[in-house]
Amino acid sequence: MEFDDLIKEIKKYNEKANFDLIKEGYEFSKKAHERQKRASGEEFIQHPLNVAKILAELKLDEEIIIAALLHDVVEDTDTGYKEIEERFGKNVGLIVRGVTKINRLKAKTAKDYKAEVVRKMLIASAKDIRVIILKLADKLHNMRTLEYLDVEDRKRIAKEAMEIYAPIAYRIGLATIKWELEDRAFHYLEPEIYDEFKLGVAKKRKQREKEIRKVISILNKELRKNEIKAEITGRPKHFYSIYQKMKAKNKDFDEIYDLVGIRIITESKEDCYKVLGIVHNLWKPIPKEFDDYIANPKENMYQSLHTVMIGAEEQRIEIQIRTREMHNIAEEGIAAHWGYKGFKGDRFDKRLSWLRQILDWRREAKVDVIKAMRVNFFEDSIFTFTPKGEIIELPRGSTPVDFAYAVHSDLGDRCNGARINEKFVSLRHELKDGDVVEILTSKQHTPSRDWLKFVKSSKAKEKIKRAIKLKQGIAINAPIEIIKKDVNESLFKAEGIRDENIKIAKCCDVMPGDKIAGIKSDSGKVNVHLVSCKSLMDSKKVIDVEWKDYFKGVVNIRVNAIDRVGLLADILNTVAITRTNVREAKVTTTSRGYADNTFTIDFNSLESLKDLIIRIRKIADVKRVRIE
Ligand code: MN
């Protein structure tokens, strides 16, 4: 391919492009890649040149085309961004930088890699969506020239194309790129099936084309009669989509492939519906196969009417009806919307709301990708990461404290330092997109009132205020008197024994649901033990005791722990999570640094009592939790 081929392509839609600058970009890249060759043996410059042409075919602006020419310059050579920015402008520099970042990702494990790529794409595109578009074109050209690599590389790259890039292309609405990526990846991943398809298609082509021509001529006649102008074409079938349909519908190749696919492009929305009426009169429609994506566009903005009918020879006729504009969006998505007119201004802003939806991977993405993708693009947010790679979205201007609270309130309460991208920073440090944040904690540490001056997220503010309140509660440190239980209800029932005479034995930490038995004392009181308790073996006065079926009342829970700052706060927070109500808390500290706390809590059921005990037992430094 020659440079002039690119220029010709651009001139088709943008006579006013800055061809001098594009040429300069080309020369710059050519020089930078001077001594490099591709695996195919071609001059390296052929790669950026072809990538630029793919983008020109999408009628995109000159900035992304120049960036395409330069996209491997930094990656593969010594040339820096600065020079690119100075010579070609800030935007071009930004796009090149974004693409390079994605390219520099190294696969740790296949799973990590996938999530990482998607994340980097997100971050990069939050600044400029053109980064993704350029990366897709780059990938597409690499897929077109994959045959020159060895088998292992082919498979790996094809898998990436299938799993990462094709879905992204779909989300952005770049359908033509999606199909090509999929078909080419399919070829390398399932070579036998692919070859079978190719043979099958070749064998049936003539018959199929004949049928399509027949249907088209009937349609043309009918539309003319009704004075509707429309363009009717046979629809190409993509190998991979045939394959997917075969798998999904459990049908064989012939059944899927034999259908007649037709596309009708009208001049107006009204005509779409008129045409629908006409075709439904010509053939017998299958009602459950009808979809109105004009009234209900897909999340990638796709609009069309889909209908399937049974023809005279019992063949399936699938028809898509849409306007020219809808068609362009279906084929080119974002590119059709913005094109060379640029990506900025009102027009751009208006598109952002649907872009957000596009990039919301709810439907088909797996969990890790969903997490990565469930971020609001372009809003005043930044995306940061935990050392494990989990994405944390924060308001712009956020600090490590905001980050810590976003991860977990416990982490926030205890944070006393941070490392960002492995460098130590202060807690006031402003985080940036893509930062990997590691929070350092200390058990002794508690939230400081000062933090309220610099945190940005409302979550952090709320949590800090709450922690300070709780801390003040501890500072007073006066043991609160326990009021006598006003509901004298027992958790247990034993025949002939009054509730107030049943108690849990000191030796046993019983939990709701545990198998229990009672020992009746001479005074008629009953101590409840676990059935496994040794004291039952020694006693002759064992009686049956059962948990009540329904329980609603007040219970004392005693918590023994190694005392530390924030312990009470942790316990009270845990109680708050279970939405139970603490009536009283008695806090005492023994001389040896042990805390002996008793909480009087309202419960609605034995289940919630059990749940709370389990949760409190998990709190750090808690040694024993029992019902009293
Ligand atoms: Mn490249």
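Both counts, for ligands and for their atoms, begin at 1 and track the order of listing. Quick caveat, the model's predicted, so the values are computed rather than measured.
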> Listed by chain and number, what are the side-chain hydrogen bond (donor to acceptor under 3.5 Å, both in side chains) partners of Lys12, not counting sequence neighbours?
Replying inline: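 Testing Lys12 for side-chain hydrogen bond (donor to acceptor under 3.5 Å, both in side chains), a comparison that skips the adjacent residues, returns Glu9.
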> Can you name the residues that form a side-chain hydrogen bond (donor to acceptor under 3.5 Å, both in side chains) with Glu196, not counting sequence neighbours?
Replying inline: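 Here no residue qualifies.
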>> Considering only residues two or more places apart or on different chains, which pairs with a residue in residues 140-150 satisfy salt bridge (Lys or Arg N to Asp or Glu O under 4.0 Å)?
In response: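 Pairs touching residues 140-150 that pass the test: Arg144-Glu180.
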>> With a 6.0 Å cut-off on the ring centroids, do Tyr194 and Phe186 count as close?
In response: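 Close enough - the centres of the two rings lie under 6.0 Å apart.
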>> Against the six-membered ring of Tyr81, is Arg97 placed for a cation-pi contact (under 6.0 Å from the centre, within 45° of the normal)?
In response: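 Flagged: Arg97 positioned over aromatic ring of Tyr81.
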>> Ring of Phe454, cation from Arg428 - is the NZ or CZ under 6.0 Å from the centre and inside 45° of the axis?
In response: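 Not satisfied by the 6.0 Å and 45° rule.
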> Which residues and atoms, protein N, O or S only, are under 2.8 Å from the Mn ion (ligand 1)?
Replying inline: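 His47 NE2, His71 NE2, Asp72 OD2, Asp138 OD1, with waters left out.
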